[in-house]
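The structure under discussion appears below in the form of structure tokens.
Just so we're on the same page: letters track the sequence lines, and every chain starts at 1. Bear in mind the structure is a predicted one, so any value in this text is a computation, not a measurement.
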Number of protein chains: 2
Amino acid sequence: MQDYSEVAQIFKAFDDEKRLHILDMLKDGEKCACVLLEKMQISQPTLSHHMKILCDSGIVNARKEGKWIYYSISASGSKVAIDWLINLVVKNSTNYNISA
Amino acid sequence: MQDYSEVAQIFKAFDDEKRLHILDMLKDGEKCACVLLEKMQISQPTLSHHMKILCDSGIVNARKEGKWIYYSISASGSKVAIDWLINLVVKNSTNYNISA
DNA sequence: AAAACATATTGACAAAAATAAATATGTTGG
DNA sequence: CCAACATATTTATTTTTGTCAATATGTTTT
């Protein structure tokens, strides 16, 4: 491993209460930003800020449909995060398997 | 899920470059704080600060031996983190298996 | 085209976190 | 017991992050 900053960026997605709340809601399935907003006690710019961090980390996908934006959890981004986490704490992580 | 703050605390361990560097060194095996310090470009109080965060998150164990403190990655703490991460991004995570 | 709406961006501020110097605590060796 | 050492804590400073108000951008509807 050389550059830890990119990996740190991934885990920023999980280090904030509000973002965990958002992820928990998205786990049920894709949701419009407006739906997320009305279920949380934060302003619209703050939600937008958190969604940017979640998207930049690769954990969340955004899909634009008209004036709405639908967010969902990225399966591939999630896998990258899980793989990194295992790689960070387990010596020979190539022996590890995750099966669904 | 009710209280996201405790979960956020766990992932604080992974959201900082220096802490990822430390974890990467500990993955090889237990190391004295003095060894970690000499391999990093940070002051002793800063290392102490990071080690406290890593220990508080449950990811790292500390073992005192005389005037030295030996740190190592906690297998159980790591498992908690991995399980949480999967739970956060996968809908029916009970179907997931991690095998070593 | 204008109004209403959904989201993003900018700017300003407050809270939290990282950092290091100074100091404290506890341990070992002389 | 004292000096040297390893680590922790306190204090102060700087940097980063979360937040909202104001504004901008782009979309739909009338």
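- Comparing dT28(D), dG18(D), dT7(D) by their closest approach to the side chain of K67(A) singles out dT28(D).
- The side chain of K18(A) lies closest to dT19(D), out of dA18(C), dT19(D), dT7(C).
- Using a 4.5 Å cut-off on side-chain heavy atoms (C-beta onward), I22(B) and L54(B) make contact.
- Listed candidates were dT19(C), dA8(C), dA8(D). Nearest to the side chain of Y71(B) is dA8(D).
- In this structure, the CG atom of L36(A) is 13 Å from the C1' atom of dA6(C), given to the nearest Å.
- Contact check of residues 43-62 of chain B against DNA chain D (heavy atom, cut-off under 4.0 Å) returns Q44(B), P45(B), S48(B).
- Y70(B) places its OH atom 13 Å from the C1' atom of dT7(D), with the value rounded to the nearest Å.
- With contacts defined as side-chain heavy-atom distances shorter than 4.5 Å, the pair S74(B)/I59(B) does not qualify.
- Rounded to an integer number of Å, the gap from CG of D16(A) to P of dA15(C) is 16 Å.
- Note: CD (E65(B)) to C1' (dG26(C)) measures 16 Å, nearest angstrom.
- Among the nucleotides dT7(D), dA18(C), dA20(C), the one closest to the side chain of W68(B) is dT7(D).
- Look at K12(B) and D16(B) and you find no salt bridge, because none of the NZ, NE, NH1 or NH2 atoms lies under 4.0 Å from a carboxylate O.
- Put simply, CG on L37(B) is 13 Å from C1' on dT19(C), counting in whole angstrom units.
- Atom CD in E38(B) sits roughly 13 Å away from atom C1' in dA6(D) (whole-Å rounding).
- We find that CZ of R19(A) is positioned 12 Å from C1' of dT19(D), with the value rounded to whole Å.
- Between E65(B) and R63(B), at least one side-chain N (NZ, or NE/NH1/NH2) sits under 4.0 Å from a carboxylate O, which counts as a salt bridge.
- Between the side chain of S48(A) and the backbone N or O of Q44(A) there is no donor-acceptor pair closer than 3.5 Å.
- Ring pair H21(A)/Y4(B) is parallel by interplanar angle, where below 30° counts as parallel and above 60° as perpendicular.
- The CD1 atom of I69(B) sits 12 Å away from the P atom of dT28(C) (whole-angstrom rounding).
- A side-chain donor-acceptor contact under 3.5 Å links K31(A) to the backbone of M25(A).
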